[in-house]
Amino acid sequence: RRICCRPMDAASLSALLQSGLSYCHTAIDTDGGLMASLLLTGLIGGFTHCAGMCGPFALSQMAERMKTCPVHQMREWQRLTTALLIPYHLGRMTTYALLGAGAAMLAGSVGAAVGLRWLSASLLILAALLFLGYAVPRLGLKLGTGDNRLFRHLSAFARPLFAAPVGFKGYALGLILGYIPCGLVWGALSASAASGSALSGAMAMAGFALGTVPGLVLVT
């Protein structure tokens, strides 16, 4: 017997969207302070850290994207909109959100199973130490990026995408480069994991990624 799948009607879609918004509102009510803190962290870190570390990736994409625009069509508005690199930043945001959801889900599961009520506080303290290490390097608390082998593997996947980083290729580039080891991201992940909620962790890391965008846009 053939089973026909009818498309979702407007009422069902509306109910689904309302349910999703309700979950998001609950997450904001519960962990809104954490989300705002990571948004501010991303904003400050975007100008002080990401602009130098990830700026070359953004500049390379900007140069390649400008090559696709004919000279007679070049306008200042074209340059400004190209510098936004929207697909790339959406890709980074997706990766950070997935990492935040996974870290928070793992921390919440471990805390509930073992009864480690102090786990959330420990993760927040770890995040504070990582951020403090970047703010005051002389303290010696800055965590390195670890083994460079992961960076080399990621570079091998990302290199072909730099040739034409537009549309889905730009988004895929953001997805891949979002996994580059970075102490600042590890600090944000530690903080987001403290929420113990996959949705809150994802939203907090998405806010962190959004905060890093202005610094990189200013570079391009």
Side-chain angles (χ1 to χ4, degrees), residues 21 24-62 80-105 107 120 123-137 141-143 145 154 165 170-220:
L21 288 175
C24 291
H25 287 159
T26 301
I28 293 174
D29 290 339
T30 304
D31 299 301
L34 174 64
M35 298 174 191
S37 297
L38 287 187
L39 175 65
L40 182 60
T41 299
L43 184 63
I44 297 174
F47 286 102
T48 60
H49 174 72
C50 301
M53 295 297 294
C54 298
F57 297 135
L59 286 173
S60 177
Q61 293 179 72
M62 175 68 175
L80 292 176
T81 54
T82 301
L84 295 177
L85 301 179
I86 293 176
Y88 168 68
H89 293 304
L90 287 177
R92 287 195 310 115
M93 191 177 298
T94 301
T95 294
Y96 287 172
L98 290 175
L99 291 174
M105 185 183 300
S120 294
L123 289 170
L124 287 175
I125 292 174
L126 175 61
L129 290 175
L130 290 172
F131 293 148
L132 184 61
Y134 269 93
V136 188
L141 300 175
K142 185 176 179 180
L143 188 64
T145 56
L154 292 174
Y171 179 75
L173 193 58
L175 286 176
I176 295 173
L177 295 183
Y179 287 101
I180 290 179
C182 171
L184 190 64
V185 175
W186 288 346
L189 276 176
S190 298
S192 65
S195 67
S197 164
L199 180 58
S200 294
M203 294 177 66
M205 285 302 294
F208 171 78
L210 182 62
T212 63
V213 172
L216 292 174
V217 170
L218 182 63
V219 169
T220 53

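One is the number of the first residue; the rest follow in order along the sequence.
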Who pairs with Leu210 by side chain to side chain contact (heavy atoms under 4.5 Å, CB included), at least two apart in sequence or on another chain?
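Only Leu39, Met93 meet the side chain to side chain contact (heavy atoms under 4.5 Å, CB included) criterion with Leu210.
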Going by side chain to side chain contact (heavy atoms under 4.5 Å, CB included), name the residues that satisfy it together with Ala101, two or more places apart in sequence or in a different chain.
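Testing Ala101 for side chain to side chain contact (heavy atoms under 4.5 Å, CB included), a comparison that skips the adjacent residues, returns Ala198, Ala202.
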So, taking the atom named [atom1] in [X] and the one named [atom2] in [Y], what distance separates them when rounded to the nearest 0.5 Å?
| X | Y | atom1 | atom2 | result |
| --- | --- | --- | --- | --- |
| Phe47 | Leu216 | CZ | CG | 9.0 Å |
| Met53 | Thr212 | CE | OG1 | 13.5 Å |
| Leu38 | Leu43 | CG | CG | 12.5 Å |

Closest heavy-atom contact between [X] and [Y]?
| X | Y | value |
| --- | --- | --- |
| Leu184 | Gly45 | CD2-CA, 3.9 Å |
| Ser197 | Ala104 | O-CB, 3.1 Å |
| Ala191 | Leu34 | O-CD2, 3.5 Å |
| Val219 | Ala51 | CG2-CB, 3.7 Å |
| Ala27 | Met35 | O-CE, 3.6 Å |

Can you list every side chain to side chain donor-acceptor pair (under 3.5 Å) pair that touches residues 27-37, not counting sequence neighbours?
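Sorted pair list: Asp31-Ser200.
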Take Met205 and Val185, measure what side-chain contact (heavy atoms from CB on, under 4.5 Å) needs, and give me the verdict at the end.
CA-CA 9 Å; Met205 285 302 294; Val185 175; 4.2 Å; yes
Using the rule given for side-chain contact (heavy atoms from CB on, under 4.5 Å), can you reason through Phe208 versus Leu189, listing the C-alpha separation, both sets of side-chain angles and the distance that settles it, and then say yes or no?
CA-CA 10 Å; Phe208 171 78; Leu189 276 176; over 6 Å; no
Excluding sequence neighbours, so at least two apart, what forms side-chain hydrogen bond (donor to acceptor under 3.5 Å, both in side chains) with Thr95?
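With sequence neighbours excluded, Thr95 shows a side-chain hydrogen bond (donor to acceptor under 3.5 Å, both in side chains) to no residue whatsoever.
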With side chains defined as the heavy atoms from C-beta onward, is the minimum distance between Leu175 and Thr94 less than 4.5 Å?
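Result yes, sub-4.5 Å side-chain heavy-atom pair found.
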Has the side chain of Ser195 got a donor or acceptor atom that lies under 3.5 Å from a matching backbone atom of Ser192?
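Between the backbone of Ser192 and the side chain of Ser195 there is a qualifying donor-acceptor contact (under 3.5 Å).
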Stepwise side-chain contact (heavy atoms from CB on, under 4.5 Å) test for Cys54 and Leu177:
CA-CA 9 Å; Cys54 298; Leu177 295 183; over 6 Å; no
With a 3.5 Å cut-off and sequence neighbours excluded, list the donor-acceptor pairs that the side chains of residues 83-90 form with protein atoms.
residue: His89; atom: ND1; partner: Arg92; partner atom: NH2; Å: 3.2
residue: His89; atom: NE2; partner: Leu84; partner atom: O; Å: 3.4

Begin with the C-alpha distance, continue with both residues' side-chain angles, and end with the deciding distance and a verdict on side-chain contact (heavy atoms from CB on, under 4.5 Å) for His49 and Cys182.
CA-CA 10 Å; His49 174 72; Cys182 171; 3.4 Å; yes
